[in-house]
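All remarks here apply to the structure that follows.
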2 protein chains.
Amino acid sequence: MPVAKGATLDPAQTRAGILRAATGLLYQRGLDGIGVAELCATMGVSKETLYRHFGSKEGLVRAVLEARSQRIMAWVLKAVAAASDEPYAQLAAVFDALAQWHEEPTFRGCGILNAATQQHEGPARLVAHHHLDRQLDVLTDIARRAGAPNPTHLAKQFLALRVGATVLADHHADTEAALLAKQAALALLRSTITTPAPAPRP
Amino acid sequence: MPVAKGATLDPAQTRAGILRAATGLLYQRGLDGIGVAELCATMGVSKETLYRHFGSKEGLVRAVLEARSQRIMAWVLKAVAAASDEPYAQLAAVFDALAQWHEEPTFRGCGILNAATQQHEGPARLVAHHHLDRQLDVLTDIARRAGAPNPTHLAKQFLALRVGATVLADHHADTEAALLAKQAALALLRSTITTPAPAPRP
DNA sequence: CGGACATCGAACCGAACGGTTCCATCTGAG
DNA sequence: CTCAGATGGAACCGTTCGGTTCGATGTCCG
């Protein structure tokens with residue numbers, strides 16, 4: 001938040017404000033699409049302050065991405081918890097939340113995967129990997145409780161549908177991608193459960 | 001290819017050589033990950049030559065991406081044609097080719113979608129949109145010939161699986177993503193065909 | 001042979017970048 | 001009241017970037 005000149009209001013609060021503002025700006029403009037100077041000017045913060053809190057632009061990016069990953073996970077878990085205990089309903093809830101996200105006017109794809117794509121080196125790749133791990137855990141749990149013979153494989157298929165739909169919503173302006181992905185995921189779960197032999201042919 | 005000093009061998013050949021070399025370099029390093037100077041030095045071409053052939057770095061990028069899109073389409077169509085006339089076999093062939101691509105040591109995700117993610121503005125977005133259009137056409141044709149009640153929707157689900165698997169192969173080091181996506185696509189096609197009513201519930 | 005053409009190599013330009021430093025200013029705690 | 005600490009504002013540095021220009025060199029065609 002923009003403080004007057006020399007405010008000791010709360011360093012942690014300043015840091016949180018930078019983090020929140022930078023999250024949106026770096027997401028909309030891309031990691032290399034906005035410089036530290038413009039970043040600071042827009043946030044109403046001096047470069048020295050940013051440097052003292054995050055050490056470098058890369059440090060800021062790392063903090064932003066980790067915070068974003070936490071926020072997304074909380075958002076997904078909340079959507080799952082809001083649904084009934086039925087795995088089908090929870091799976092549907094995950095993709096319904098996805099559709100809702102895609103419809104936001106500021107939607108620009110997954111900020112974490114975008115960041116990992118933008119900087120081939122750097123911390124973004126690690127954050128993206130862990131982020132996908134965590135999302136996979138949620139989907140694996142749903143698949144397992146649904147009684148899937150191979151929850152891990154099914155969860156990876158769900159995750160592919162999820163990230164694929166997000167890419168299509170972004171790069172193909174496909175507003176129904178999430179809905180179709182949801183239907184595909186449900187059909188997949190249904191057919192996996194009802195099929196007696198999981199067809200061990202590769 | 002690197003010509004001695006003042007060679008009039010063939011301007012078109014020079015252009016093609018630049019295009020081929022730049023394709024690999026821009027793919028591996030990212031659009032902003034390598035400058036025009038290093039690009040020219042690695043290719044053994046002077047900046048003036050590159051500038052005369054492509055006008056600007058953006059012009060080079062546009063040419064590279066359009067050539068890449070053409071190449072990918074030809075590659076997909078060849079894989080489809082190599083399979084039997086059976087839509088199931090052709091769908092499997094598309095994802096088998098995907099798996100083969102993911103296993104290449106130089107694999108770095110889809111170069112076109114990566115480019116579109118790297119430069120939020122610019123021609124990459126358009127190329128990516130058209131590229132997805134063309135891929136959708138191929139999948140829609142397969143779905144239609146398989147007798148799907150809604151080939152367009154099914155094709156979008158296939159495409160989501162395809163791009164999702166590519167993202168997972170890149171950002172999650174998931175070597176089996178393409179195989180699982182293939183199985184999911186086949187199961188989806190099977191269940192869509194065999195299911196009498198396509199469940200008009202959104 | 002001679003001139004048009006393509007190319008290389010190098011120097012150069014202005015702008016933007018990430019990062020650093022200095023200092024006046026304001027707040028809150030003692 | 002006083003002082004340590006946090007901040008804003010601005011200047012500054014070295015680097016890199018995309019792009020431009022110029023002269024020397026080599027090749028092909030008439």
Side-chain angles (χ1 to χ4, degrees), chain A residues 1-22 25-26 28-65 115 118-124, chain B residues 1-22 25-26 28-65 115 118-124:
Chain A
M1 311 292 282
V3 255
K5 188 66 175 297
T8 317
L9 291 175
D10 188 0
Q13 186 175 335
T14 300
R15 183 191 157 97
I18 295 176
L19 214 51
R20 185 161 9 99
L25 288 168
L26 290 172
Q28 292 297 322
R29 304 271 297 264
L31 298 191
D32 294 332
I34 186 170
V36 176
E38 187 181 354
L39 213 46
C40 290
T42 307
M43 300 188 299
V45 149
S46 72
K47 294 176 71 175
E48 182 174 350
T49 299
L50 187 146
Y51 183 76
R52 184 164 9 89
H53 278 295
F54 298 96
S56 65
K57 187 182 185 181
E58 181 168 311
L60 172 66
V61 167
R62 178 163 32 227
V64 162
L65 293 181
Q118 283 159 7
Q119 44 165 253
H120 277 189
E121 314 296 332
Chain B
M1 306 308 278
V3 253
K5 187 66 177 295
T8 319
L9 291 176
D10 189 359
Q13 187 175 335
T14 300
R15 184 191 156 98
I18 295 176
L19 213 52
R20 185 160 11 97
L25 287 169
L26 290 172
Q28 291 298 322
R29 305 268 300 261
L31 298 191
D32 295 332
I34 185 170
V36 176
E38 187 181 354
L39 214 46
C40 291
T42 307
M43 300 187 299
V45 149
S46 72
K47 293 176 71 173
E48 181 175 352
T49 300
L50 186 146
Y51 183 74
R52 183 162 12 86
H53 279 295
F54 298 97
S56 65
K57 186 181 185 181
E58 180 168 311
L60 172 65
V61 167
R62 178 162 33 226
V64 161
L65 294 181
Q118 282 159 8
Q119 45 166 252
H120 277 191
E121 314 297 331

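Below, chains carry the letters A, B, ... as their sequence lines are ordered, and counting in each starts from 1.
- Side chain of A:Thr42 to backbone of A:Glu38: a donor-acceptor contact under 3.5 angstrom is found.
- Not a single donor-acceptor pair under 3.5 Å links the side chain of B:Arg29 to the backbone N or O of B:Ile34.
- When distances are taken from the side chain of B:Lys57 to each of D:dG8, C:dC8, D:dG19, the shortest belongs to D:dG19.
- For A:Gly33 and A:Tyr51, each mapped to the nucleotide of DNA chain C holding its nearest heavy atom, the one lying further toward the 5' end belongs to A:Gly33.
- At a cut-off of 3.5 angstrom, counting only N and O atoms as typed in the model, there is a donor on one side and an acceptor on the other between the side-chain of A:Lys47 and the base of C:dG19.
- Of the side-chain N and O atoms in A:Ser56, none sit less than 4.0 angstrom from OP1 or OP2 of C:dG18.
- Taking all atoms of both residues into account, the shortest heavy-atom contact from B:Leu19 to B:Leu60 is CD1-CD1, 4.4 Å.
- At whole-Å resolution of the value, NE2 in A:His53 and C1' in D:dT7 are 9 Å apart.
- For B:Thr14 and C:dT7, the shortest distance from a side-chain N or O to OP1 or OP2 is below 4.0 Å.
- B:Leu39 places none of its side-chain heavy atoms less than 4.5 Å from the side chain of B:Lys47.
- B:Thr49 has a side-chain polar atom (N or O) that falls below the 4.0 Å cut-off from OP1 or OP2 of C:dC8.
- Atom CG of B:Leu50 is separated from atom C1' of D:dC17 by 14 Å (rounded to the nearest Å).
- In this structure, the CD1 atom of A:Ile34 is 9 Å from the P atom of C:dG18, given to the nearest Å.
- Taking 4.0 angstrom as the limit, A:Arg52 places none of its side-chain polar atoms (N or O) nearer than this to OP1 or OP2 of D:dA6.
- If you measure from atom CD of B:Glu48 to atom P of D:dA24, you get 14 Å, rounded to the nearest angstrom.
- As a whole-Å value, the separation of A:Asp32 CG from D:dG18 P is 12 Å.
- For A:Phe54 and C:dG19, the CZ to P distance is 13 Å, given to the nearest whole Å.
- What separates CE of A:Met43 from C1' of D:dG9 is a distance of 15 Å, to the nearest Å.
- Look at CZ on B:Arg15: it is 16 Å from C1' on C:dA6, rounded to the nearest Å.
- The main-chain N or O of A:Leu31 is found under 3.5 Å from a side-chain atom of A:Lys57 such that the two form a donor-acceptor pair.
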